[in-house]
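Read through the structure below, which is laid out as structure tokens, and then see the notes.
Because the structure is predicted, anything quoted here is derived from the model rather than measured.
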Amino acid sequence: MSMGIKRALGHLHTGGALLLVASIGLTACESVRDQITDKENSLAAAGFVVRPANDPERQAMLQKLPPNRFLQKSFGDHMLYIYSDPKVCNCLYVGNQAAYGRYMSYVQAQNLADQQQMTADMYQDASWNWGMWGWGGGWGGPWGGGWW
């Protein structure tokens, strides 16, 4: 493998790592509690029903479930989706296949919107001097150019 290609792959790896760190950083601005609340608002909007753990028996049962994850439960020929939250609302969210489908559609739409926002946030100032940072004309820069 040529030195230019090795260098290019190293920069791509670094760029991917920076993108991952940036996306985690954006998520980190919102507290875990806020993230769970946002998710639960979306669940309710999708048609999930809230079942509070409002007595000792329900509280004990809620503690047996993995927190903040979906579980599937079959009841005859019906599939229910259960999301437990022992910390924020101390409750279960229960939905059918249609509610789960609506929720997943929302998640996909939100992910697409987030990607579009990240793309829109890319820096596009023509007066910025990329050459000062090692990227020369035509984006050849330190990679020797033309490999992509």
Side-chain angles (χ1 to χ4, degrees), residues 1 4-135 139-143 147-148:
M1 190 180 298
I5 292 175
K6 284 182 183 177
R7 214 177 297 136
L9 291 175
H11 286 291
L12 284 176
H13 178 71
T14 302
L18 289 174
L19 183 59
L20 176 63
V21 168
S23 65
I24 290 170
L26 291 174
T27 304
C29 293
E30 188 176 31
S31 74
V32 172
R33 184 179 188 88
D34 290 341
Q35 291 172 13
I36 292 169
T37 300
D38 288 347
K39 183 174 192 169
E40 291 174 358
N41 288 338
S42 300
L43 289 169
F48 279 74
V49 177
V50 178
R51 297 287 185 220
N54 54 3
D55 64 40
E57 288 176 290
R58 284 186 173 190
Q59 184 65 44
M61 295 308 291
L62 182 65
Q63 296 304 315
K64 292 183 177 188
L65 297 174
N68 308 107
R69 290 188 34 210
F70 281 105
L71 300 172
Q72 294 179 343
K73 177 64 179 157
S74 176
F75 289 96
D77 55 347
H78 298 287
M79 182 66 69
L80 291 181
Y81 294 83
I82 296 108
Y83 178 87
S84 67
D85 176 9
K87 301 280 186 205
V88 177
C89 75
N90 194 37
C91 67
L92 290 179
Y93 284 83
V94 182
N96 61 14
Q97 183 67 48
Y100 184 73
R102 284 188 296 270
Y103 174 76
M104 293 309 293
S105 292
Y106 167 77
V107 169
Q108 289 173 345
Q110 188 61 47
N111 287 342
L112 179 60
D114 291 347
Q115 284 179 330
Q116 289 171 340
Q117 183 62 46
M118 192 171 8
T119 300
D121 288 344
M122 289 184 180
Y123 197 71
Q124 300 294 330
D125 184 349
S127 68
W128 179 260
N129 184 353
W130 290 103
M132 291 177 62
W133 302 93
W135 290 282
W139 292 97
W143 307 296
W147 62 274
W148 61 75

Without placing hydrogens or testing angles, list every side-chain donor-acceptor pair under 3.5 Å for residues 82-92, not counting sequence neighbours.
unit_1: Tyr83; atom_1: OH; unit_2: Asn68; atom_2: ND2; d: 3.2
unit_1: Ser84; atom_1: OG; unit_2: Pro66; atom_2: O; d: 2.7
unit_1: Asp85; atom_1: OD1; unit_2: Lys87; atom_2: N; d: 3.0
unit_1: Asp85; atom_1: OD1; unit_2: Val88; atom_2: N; d: 2.8
unit_1: Asp85; atom_1: OD2; unit_2: Val88; atom_2: N; d: 3.4
unit_1: Asp85; atom_1: OD2; unit_2: Cys89; atom_2: N; d: 3.0
unit_1: Asn90; atom_1: OD1; unit_2: Gln59; atom_2: NE2; d: 3.2
unit_1: Asn90; atom_1: ND2; unit_2: Ala53; atom_2: O; d: 3.3
unit_1: Asn90; atom_1: ND2; unit_2: Gln59; atom_2: OE1; d: 2.8

- Message: Checking the side chain of Arg51 only, and the main-chain atoms of Tyr93 only, is there a donor and an acceptor separated by less than 3.5 Å?
- Response: no
- Message: Distance check, rounded to the nearest 0.5 Å: Gln110 atom CD versus Asp38 atom CG?
- Response: 9.0 Å
- Message: With rounding to the nearest 0.5 angstrom, report the CD to CZ distance, Glu40 to Arg33.
- Response: 9.5 Å
- Note on the structure: Tightest non-hydrogen contact, residues Ala99 and Gly47, listed as CB-C, 3.9 Å
- For Gln72, check side chain to side chain contact (heavy atoms under 4.5 Å, CB included) against everything at least two apart and list the hits. Met79, Tyr81
- Query: How about Phe75 and Lys73: do any of their side-chain heavy atoms sit closer than 4.5 Å?
  - Reply: yes
- According to the interplanar angle, ranging from 0 to 90°, do the rings of Phe48 and Phe70 count as parallel (below 30°), tilted (30 to 60°) or perpendicular (above 60°)? tilted
